[in-house]
Amino acid sequence: MFDDEFEDQPIPEDFEDQKIQISDQPFLSPDLASYPVDIRQEAIARYQLVLFLRNMLTKGWTQRNIDPLTDEY
């Protein structure tokens, strides 16, 4: 009833070599210093707000619980 669309496609001879080359490439994630100053400051401010909320919340992360704390912050 259903056909496998990939069933008849040949595997390239250098498939294993390609896989090794891809995995050998290092992954470099950008750090905060690689962003412009205004974006960095906004990210830090948001992070500090989340830390404040995490420390002050006694119940769940609901809008009803968060709103008073953001006003306090």
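In the displayed structure, Tyr47 atom OH is contacted under 6.0 Å by at most 12 heavy atoms of other residues, nucleotides or ligands.
Under the side-chain contact (heavy atoms from CB on, under 4.5 Å) criterion, Asp31 pairs with Ala33, Ser34, sequence neighbours left out. For Asp67, the side-chain hydrogen bond (donor to acceptor under 3.5 Å, both in side chains) partners are Gln63, not counting sequence neighbours. Contacts of Glu72 classified as side-chain hydrogen bond (donor to acceptor under 3.5 Å, both in side chains), with partners at least two apart in sequence or in another chain: none. With sequence neighbours excluded, no residue satisfies side-chain contact (heavy atoms from CB on, under 4.5 Å) with Pro68. Under the side-chain contact (heavy atoms from CB on, under 4.5 Å) criterion, Leu57 pairs with Trp61, Asn65, Ile66, Leu69, not counting sequence neighbours. Scored by the side-chain hydrogen bond (donor to acceptor under 3.5 Å, both in side chains) test, Arg46 finds Glu42 as partners (sequence neighbours excluded).
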